[in-house]
Amino acid sequence: MDYPGVILPNNNYKIIECDLSNCNLIRHTIDKNIWDDDLEMILDKAICHPKSNMNDLSTSLLGVFIIDYVFLKLTDIGHEVFSQYCPPDCFVDTPIFNEHFVIDDSRGYWFINIFNIKDIKAEYNHNNDKLTATCKICHTPMKWNYWHFSIRWFLDDKNCFWNDLGENEKKKGWSERLAHETRSLIRMFAIKDLPNDNILDIQFYCKQA
Amino acid sequence: MATAYVPPEPDTVIIRYLEEDNPSIYPHSGWLERNTIIGYMDVTGSDLSVIESNNKFINLLTSLNEQFSQLSHYYNNQPRINKVFSQACSYLLELNPDKISVELTYNDSIEFAFKKNDFTFFFELFIEDSHADEVIYSSYYKSTKRPSYAGDFISAINSLYKDFFPHHPYISFDLLR
């Protein structure tokens with residue numbers, strides 16, 4: 001099984017900064033039982049397991065990154081080597097099957113349209129208890145996946161991202177609120193069926209098209 | 001021909017939505033007419049028996065128990081879970097949501113998601129002692145995000161009821177007999 005080279009960083013790639021409103025994100029789930037058919041929304045448990053990384057939720061930009069790739073699962077060694085942020089034009093070795101990655105076809109997945117979640121405001125304004133944060137979709141290439149994007153919250157009052165704060169700050173009460181906001185936002189807008197493909201024009205991710 | 005009035009069963013309270021005479025101050029509550037009966041409660045029973053006849057409650061309780069059996073390695077405080085669940089149910093089901101579900105999350109919490117007309121609510125109650133009595137809820141009108149709320153259970157319920165019954169009307173338990 002060869003690793004798909006199209007999702008690895010390469011020296012002709014750059015950070016994607018164009019408007020992605022019409023694009024969709026995809027994220028894997030641990031299993032395929034992820035949907036509440038009655039409410040027609042994703043289950044909370046399917047969003048992030050168990051509750052880590054809600055300040056920097058990993059997704060991939062759908063397009064060049066296709067559904068087949070959500071089944072790529074890094075091994076422990078693969079995590080050590082490839083699960084790191086990197087520049088978009090970083091040179092990386094190609095992951096090796098069984099050593100760095102396996103195929104986990106028990107996984108499920110969901111999609112979300114960027115338009116529905118970007119710049120959404122989470123606002124708490126009760127008595128003196130105020131918090132305002134804005135949802136941002138950030139291109140955050142990783143060594144295993146150039147198409148890696150993060151769902152993050154920008155804290156308007158602190159003028160910084162939630163994930164950039166120290167551990168003590170992250171443990172404050174509003175962290176639970178933003179974790180709640182992330183999950184409810186995804187539950188509200190996640191979809192289970194493949195949306196219309198919107199493959200980004202090459203000029204937006206290649207230095208030289 | 002007018003329908004004959006059928007009195008409620010003994011020991012039953014009818015919850016009425018009471019408002020002032022000027023209906024124009026309730027522009028968002030068109031789905032709730034004045035003095036609409038929005039629920040029934042057996043006042044002689046415990047919290048659970050109050051609403052045990054309600055199919056939504058039974059479905060929620062069944063779902064919660066199934067989830068607890070699957071996550072028993074993760075949660076070991078079923079009495080606490082049941083208490084939080086039943087307390088929340090007794091208030092949320094009075095809102096007569098169109099659809100409602102409950103989920104035992106990996107966040108040491110119980111989350112109710114429910115829809116009423118064009119509103120969607122996510123009402124999260126924390127289980128562990130360090131967050132006891134803490135509630136966070138967020139809501140959407142159609143696809144538009146609305147301000148969220150965090151606080152203790154009672155203040156969160158009050159805030160939620162104001163969402164459903166805007167411009168500060170109030171709920172009253174009105175014993176008809």
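Each chain gets a letter, A, B and so on, in the order the sequences are listed, and its residues count up from 1. Atoms considered below: every heavy atom in the structure, side chains included; atoms not considered: hydrogens, waters and symmetry mates.
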Residue A/Leu39 versus chain B: region with a heavy atom under 4.5 Å: both

Check the pair A/Ser184 / B/Tyr140 against side-chain contact (heavy atoms from CB on, under 4.5 Å), numbers first and verdict last. CA-CA 10 Å; A/Ser184 62; B/Tyr140 295 79; 4.1 Å; yes

Note: B/Lys145-A/Glu123 ion pair, threshold 4.0 Å (strictly below): no

Go through the steps for A/Glu176 and B/Phe126 under the test side-chain contact (heavy atoms from CB on, under 4.5 Å), then give the verdict. CA-CA 10 Å; A/Glu176 295 288 1; B/Phe126 290 88; 3.7 Å; yes

Would you compute the distance between atom NZ of A/Lys121 and atom OG of B/Ser148 and round it to the nearest 0.5 angstrom? 13.0 Å

What distance separates B/Tyr149 OH from A/Arg177 CZ, expressed to the nearest 0.5 Å? 9.5 Å

Can you confirm whether A/Arg183 sits close enough to B/Phe122 that some side-chain heavy atom of one is under 4.5 Å from a side-chain heavy atom of the other? no

Take atom CG of A/Asp76 as the centre, draw a 6.0 Å sphere, and report whether it contains more than 12 heavy atoms from other residues, nucleotides or ligands. no

Inspect the surroundings of CG in A/Asp157 and state if more than 12 heavy atoms from other residues, nucleotides or ligands are less than 6.0 Å away. yes

Check whether more than 12 heavy atoms from other residues, nucleotides or ligands sit under 6.0 Å from atom NZ of B/Lys83, and answer yes or no. no

Do you know the tightest heavy-atom contact between B/Glu103 and A/Asp44? OE1-N, 2.8 Å

Quick one: pull up CG in A/Leu43 and OG1 in B/Thr105 and give me the separation to the nearest 0.5 Å. 12.0 Å

Could you tell me which of B/Gly151, B/Pro147, B/Ser143 has the largest number of non-hydrogen atom pairs under 4.5 Å with chain A? B/Ser143

Please enumerate all residues that pass side-chain hydrogen bond (donor to acceptor under 3.5 Å, both in side chains) together with A/Asn33, with sequence neighbours excluded. none

Give, as side chain, backbone, both or neither, the part of A/Leu185 having an atom under 4.5 angstrom from any heavy atom of chain B. both

Check the surroundings of atom CZ in A/Phe101: do more than 12 heavy atoms from other residues, nucleotides or ligands lie under 6.0 Å from it? yes

Tell me, yes or no, whether the heavy-atom count around A/Tyr85 atom OH, taken from other residues, nucleotides or ligands under 6.0 Å, exceeds 12. yes

Return yes if some donor-acceptor pair links the side-chain N/O of A/Lys45 with the main-chain N/O of B/Tyr106 below 3.5 Å, else return no. no

Verify the neighbour count for atom NZ of B/Lys99: are there more than 12 heavy atoms of other residues, nucleotides or ligands below 6.0 Å? yes

Under 4.5 Å heavy-atom distance to chain B, tell me which part of A/Asp36 shows up: side chain, backbone, both or neither. side chain

Over 12 foreign heavy atoms within 6.0 Å of CG, A/Asp201: yes

Residue part contacting chain A, namely of B/Ser101, when any heavy atom lies under 4.5 Å: both

What's the verdict on side-chain contact (heavy atoms from CB on, under 4.5 Å) for A/Met41 and B/Thr120, showing C-alpha distance, side-chain angles and the deciding distance? CA-CA 11 Å; A/Met41 61 172 62; B/Thr120 304; 3.9 Å; yes

Before giving the answer on side-chain contact (heavy atoms from CB on, under 4.5 Å), spell out for B/Glu111 and A/Arg187 the whole-Å C-alpha distance, their side-chain angles and the decisive distance to 0.1 Å. CA-CA 12 Å; B/Glu111 180 164 282; A/Arg187 295 194 74 187; 2.9 Å; yes

